Amino acid sequence: MSVTGAAEAEAFGRMIRERRRELGLRQEDIVLSTGVGRRYLIELEAGKPTARIGPALMIAGLLGIYPTISAQGPARTQGAEALPPSLEP
C-alpha cells in the first residue's frame, strides 16, 4: 500500500467505474439509487484518495463489490520511524 493511498484509491475507483459499465448503469442511476451527489461519484471513479469511505462502500455494495479489509502487522512504510508509543500493539 502506498503512503498516501493514491494508487489504491485509483484502482478502487477504476473497479467501481468498470463494474458500473459492465452492469449497463449510468452514473445518474447510481446517484438516484444511493443518494450520493454526482460530483462525489465522479471523484470516486477518478480515484480521489480523500473520498469518504461510507458512501464508497455503499456504492461498491450496490455494484456487488465487497472489499476485504485485513491487518498484517504494524503499519509501517519503508524508511519510516517506529510507531509512536500510543500506537504500538
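The model shown is predicted, which means the values in this text are computed figures rather than measured ones. We use all heavy atoms of the structure for the numbers below, so side chains are in, but hydrogens, waters and symmetry mates are not.
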For the pair Glu18 and Arg21, find out whether any cationic side-chain nitrogen is under 4.0 Å from an anionic carboxylate oxygen.
no
CZ (Arg19) and CD1 (Ile59) are apart, to the nearest 0.5 Å, by 14.5 Å
Hydrophobic cluster membership, with links at side-chain heavy-atom distances under 4.5 Å among I/L/V/M/F/W/Y: are Met15 and Leu57 in one?
no
Within a strict 4.5 Å, meaning less than it, do heavy atoms of the Glu45 and Gln27 side chains meet?
yes
Same cluster for Leu25 and Ile65 if Ile/Leu/Val/Met/Phe/Trp/Tyr side chains link at under 4.5 Å?
yes
Ile16 pairs by side-chain contact (heavy atoms from CB on, under 4.5 Å) with which of Leu63, Leu62, Ile30?
Leu63
Are Tyr40 and Val31 side-chain neighbours, meaning at least one heavy-atom pair lies under 4.5 Å?
no
Side chains of Leu44 and Phe12, heavy atoms from C-beta outward: is any pair under 4.5 Å?
yes
Looking only at heavy atoms, which two atoms of Val36 and Pro55 are closest? And how far apart?
CG1-CB, 3.8 Å
When rounded to the nearest 0.5 Å, the distance separating CG of Leu23 from CG of Asp29 is 10.5 Å
Quick check: closest heavy atoms across Pro49 and Ala9, and the distance to 0.1 Å?
CA-CB, 3.5 Å
